[in-house]
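What follows is a single structure, written as structure tokens, with notes after it.
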Amino acid sequence: MAQAAAVAKPPAPPRRRRASATPRRLPYLLIAPAALLMLGFIAYPVISVFYYSLQDYNPTKPWRNGFAGFDNFVRIFTDDPIFWDTLVFSAKWVFVEVGLQLLFGLALALIVNQTFVGRGIGRALVFSPWAVSGVLTSAIWVLLYNSQTGITRYLADLGIGDYGTSWLSDTSTVFSAAVVADLWRGVPFFAILILADLQSVSKDLYEAAEVDGASRFKQFWHITLPHLKDAIILSTLLRAVWEFNNVDLLYTLTGGGPAGVTTTLPLYIANTSVDAHDFGYASALTTVAFVILLFCSIVYLRLSKFGGENK
């Protein structure tokens, strides 16, 4: 009977092989080296800045180096009028530059999105300034603003203005001159991003709007702009951060002058660290600038409802 029971017992089901975890982990293993490198190049400088912001660190005066606590931050907000002046100018610079670049970039994108003879060449000419480095852009405009061989010389030949006039050394014209120089390079950035988004707008929407009798302006306002919302929000945020941190153009064009009227906060930080060798105080200024940018970016994204549905 025992033998019969053994024969009647059904066979055990085959054991399932446990799925290997290696294929699931493989993508993370492949990107791990690059991620670690990026983390090292980003995290180490950020942590170093936070560390030195709490220190008195000046290589030319080592006997004064040491832990300072929050003294550098107290000095920024209570005993440094230059900080407030540079912060106000930085806000003015970002607002004017980003606003004008967006306006002209949107106009250029709408123009080169049309069909016309030589459109490819036109697009290349419009986008070419963005391929020029910031230092080279500054060198070009320094030559254009040269009082002996630049624009003012030719205007003086036409009877407009006086010979030897330098727009970069006059406090009443230096801001406008710097804005024009940066517009030349910044406008193509907006034109490229907006044009790329314009390519995805369905032509059926415009055809339907024309059938309904909508004017060009109404088509732009109710079709084009809502479609470009996220592209405009993202491009303005990126460009605002870049313009706030702009050092190369203003440093080459004006050096923060004349009389410090074109000194932005990052340029003030650069002068404090490189020229004055006060790396502890410069690190504190950098930390404050980081917090300001982070706060403004979060508020801007929340108020603009980036990524939300267009109503």
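The ring pair (Phe, Tyr, Trp, His ring centres under 6.0 Å) test applied to Phe244 returns no partner, not counting sequence neighbours. Scored by the ring pair (Phe, Tyr, Trp, His ring centres under 6.0 Å) test, Phe175 finds Phe89 as partners (sequence neighbours excluded). Residues passing the side chain to side chain contact (heavy atoms under 4.5 Å, CB included) test with Arg185 are Trp130, Thr137, sequence neighbours excluded. Here Val274 pairs with nothing under the side chain to side chain contact (heavy atoms under 4.5 Å, CB included) rule; sequence neighbours left out. Checked against ring pair (Phe, Tyr, Trp, His ring centres under 6.0 Å), Trp93 has no partners two or more places apart in sequence or in another chain. Partners of Gln55 under the side chain to side chain donor-acceptor pair (under 3.5 Å) rule, at least two apart in sequence or in another chain, do not exist in this structure. Contacts of Asn58 classified as side chain to side chain donor-acceptor pair (under 3.5 Å), with partners at least two apart in sequence or in another chain: Thr60. Looking at residues two or more places apart in sequence or on another chain, you find a side chain to side chain donor-acceptor pair (under 3.5 Å) between Tyr300 and Thr236.
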Just list the side-chain donor-acceptor pairs under 3.5 Å for residues 45-53, sequence neighbours left out, or say none.
{"from": "Ser48", "atom 1": "OG", "to": "Tyr44", "atom 2": "O", "distance (Å)": "2.8"}
{"from": "Ser53", "atom 1": "OG", "to": "Phe50", "atom 2": "O", "distance (Å)": "2.6"}

Side-chain polar contacts of residues 217-225 - donor-acceptor pairs under 3.5 angstrom, sequence neighbours left out - could you list them?
{"from": "Gln219", "atom 1": "NE2", "to": "Ala214", "atom 2": "O", "distance (Å)": "3.2"}
{"from": "Thr224", "atom 1": "OG1", "to": "Tyr206", "atom 2": "OH", "distance (Å)": "2.6"}

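Rounding to the nearest 0.5 angstrom, the gap separating the CG atom in Leu102 from the CD1 atom in Ile194 is 5.5 Å.
Using a 4.5 Å heavy-atom threshold, the side chains of Thr264 and Thr86 count as separate.
Note on residues 62-74: no pairs pass side-chain hydrogen bond (donor to acceptor under 3.5 Å, both in side chains), not counting sequence neighbours. Residue pairs meeting the salt bridge (Lys or Arg N to Asp or Glu O under 4.0 Å) criterion with at least one partner in residues 37-62, sequence neighbours excluded, are absent.
In this structure, Glu243 and Val98 approach most closely via the heavy-atom pair CG-CG2, 4.3 Å.
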### Task
Could you walk me through whether Arg153 and Gln148 pass side-chain hydrogen bond (donor to acceptor under 3.5 Å, both in side chains), step by step?
CA-CA 6 Å; Arg153 168 64 184 274; Gln148 303 299 323; 5.3 Å; no
